[in-house]
Amino acid sequence: MTEQHDAADAAARRWADALTLFANHQRHRNLSPGTISKRNEHLKHFIADTVEGPWVVRYDDIVQWLDARRAAGWSDNTLRVHRASLSAFYRWAVLAGHTTMNPTVELRRSAEYQAPPAPWVEPLADYSRYLMGLGRTRTTTETRANAMRRFARENPSLGPWDVTFDDLVSWLGGKRWAAETRKLHRDAMRSFYRWAEDSGRATTNPASRIPPIRGKGPAPRPVMDDAYHRALAFGTSRERVALRLAAEVGLRRGEVVQVHSADLQQAADGDWSLLVHGKGAKDRLIPLPFSIANTLRALPPGYAFPGINGHVSAAWMGRVISRLLPPGVSMHALRHRFATRAYNVDRDVFTVQQLLGHASPATTQRYVLVDDETKRKLMNTLAGV
């Protein structure tokens, strides 16, 4: 009990110091006393409901707090101003160097977070904890919870245990989504209601009969060389590391952020490899070019991209890198670049599959762009030209 009190006292001191520094910063920027006072009041509402210090708060913590406040009867406007105050506080904290990651970064995008109807708040919080307990990654947990949160927001008259099979398929059918997006939401529905039935919260699983969603995957879209080199030129040192890990090693954004000094392994011949923590908790060991290995070894021990919760989030990394690339081009396109270049070395799709961590070579094929020159050369060879 004494240890718990000591921890709570330490967290309270850290919050008090942070609020004082934040207020000084706002006064230095000539913000009005009323604005400073209101923000302080909003932050204290959040502090009253958390036992953590300011620099270990996560995105999930804030989302669940906002959900709970909505369930307690707070209006949309009240939620909005509290969300704005939290965002202002953590923007300042990052710029001032108190933390390396802003847990409210998703909240500043109006379409990213909106609280679900009250009956969904507790089930979604329990479902998120269940996924984390199973060892699902934070990215997977947030993605599935956000998918269900979206369904709940768009069907406010339905409680979670009132939903029928027809409600789910009708909602999915009304979306003009790509197959991958539709599959993501279908998988979230099946996972959520399987958990609800297994835990006794629901007597039936309305999502169990939703058929598999198949469709042609997106065409390969590798980043062009000039765009990649431009991104390297304008990126910071850490951003260049992330760019190279995606474009020259083929890592997903969620794998990039998990790179840790302990994952570097040296063979007897001196070559270096990286233990990559892939999707579905599937690890793979891949060889590293010397230049990238040396760059990673030169970083401080620990995560290559440290954040509040150990490392920065995959979503944050994706946004940062996408800003260095042409409009509409995502970080994932760097992985397509790697796949295309690796395949064109000796046309070995199975080796590329293993390097990318794909379960099937069919998935790898969707990443590889075969250029017109290669096709023409093959046709001329067959024709005996």
Side-chain angles (χ1 to χ4, degrees), residues 49-50 57-74 76 79 103 106-107 111-175 177-215 254 278-282 309 313-315 359:
D49 291 330
T50 182
V57 170
R58 302 176 306 161
Y59 168 75
D60 287 347
D61 298 326
I62 297 176
V63 166
Q64 291 181 15
W65 180 74
L66 291 170
D67 285 353
R69 295 303 91 206
R70 164 65 66 85
W74 281 17
D76 289 342
L79 290 169
E106 300 284 357
L107 302 176
E112 187 71 27
Y113 171 77
Q114 295 176 33
W120 288 82
V121 171
E122 186 174 348
L124 285 175
D126 291 343
Y127 173 60
S128 295
R129 285 190 287 269
Y130 159 77
L131 292 177
M132 295 297 290
L134 289 183
R136 300 292 186 265
T137 65
R138 182 182 173 191
T139 299
T140 297
T141 300
E142 290 180 359
T143 297
R144 290 190 172 180
N146 283 338
M148 293 309 302
R149 187 177 286 111
R150 179 171 187 171
F151 173 81
R153 289 199 316 267
E154 296 183 12
N155 296 273
S157 64
L158 295 174
W161 320 132
D162 303 323
V163 174
T164 66
F165 170 80
D166 289 338
D167 294 325
L168 296 175
V169 296
S170 177
W171 184 75
L172 285 172
K175 300 296 182 183
W177 283 338
E180 287 301 313
T181 303
R182 197 178 302 278
K183 181 178 183 300
L184 181 154
H185 284 77
R186 179 256 188 189
D187 290 348
M189 290 171 172
R190 288 175 60 87
S191 171
F192 175 80
Y193 280 107
R194 184 166 56 246
W195 158 77
E197 186 177 38
D198 290 346
S199 64
R201 289 170 171 81
T203 56
T204 59
N205 180 348
S208 63
R209 293 186 293 111
I210 301 178
I213 294 175
R214 299 184 178 89
K279 290 174 64 176
K282 296 178 181 177
N309 192 33
S313 72

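Predicted model only: the values in this text are computed from it and were never measured. Values below: every heavy atom of this structure, side chains too, minus hydrogens, waters and symmetry copies.
Remark: side-chain polar atoms of Asn155 are paired, donor with acceptor, to backbone N or O of Phe151 under 3.5 angstrom. With hydrogens and angles disregarded, no donor-acceptor distance shorter than 3.5 Å links the side chain of Asp198 to the backbone of Trp195. Side-chain atoms of Asp167 come within 3.5 Å of backbone atoms of Thr164 as a donor-acceptor pair (strictly under, hydrogens ignored). In this structure, the side chain of Ser208 engages the main chain of Asn205 through a donor-acceptor pair within 3.5 Å.
One distance of note links CG of Leu184 with CG of Asn146; it measures 9.5 Å at 0.5 Å rounding. With values rounded to the nearest 0.5 angstrom, Arg209 atom CZ is found 10.5 Å from Leu168 atom CG. Distance check: Trp161 CH2 to Thr204 OG1 gives 10.5 Å after rounding to the nearest 0.5 Å.
Residues forming a side-chain contact (heavy atoms from CB on, under 4.5 Å) with Pro119 (at least two apart in sequence, or on another chain): Pro117, Pro160. Partners of Thr141 under the side-chain contact (heavy atoms from CB on, under 4.5 Å) rule, at least two apart in sequence or in another chain, are Ser128, Leu131, Met132, Arg136. Residues passing the side-chain contact (heavy atoms from CB on, under 4.5 Å) test with Arg186 are Leu172, Arg190, Ile210, Pro212, Ile213, sequence neighbours excluded. For Asp126, the salt bridge (Lys or Arg N to Asp or Glu O under 4.0 Å) partners are Arg129, Arg201, not counting sequence neighbours. Annotation: salt bridge (Lys or Arg N to Asp or Glu O under 4.0 Å) contacts of Glu154 (sequence neighbours excluded): Arg150, Lys175. Partners of Leu124 under the side-chain contact (heavy atoms from CB on, under 4.5 Å) rule, at least two apart in sequence or in another chain, are Pro116, Trp120, Met148, Arg149, Phe192.
Side-chain contact between Thr203 and Glu197: absent, with no pair of heavy atoms (C-beta onward) separated by less than 4.5 Å.
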request  = With side-chain hydrogen bond (donor to acceptor under 3.5 Å, both in side chains) as the test, would you mind laying out the steps for Tyr127 and Ser191 before giving the verdict?
outcome  = CA-CA 9 Å; Tyr127 173 60; Ser191 171; 2.7 Å; yes
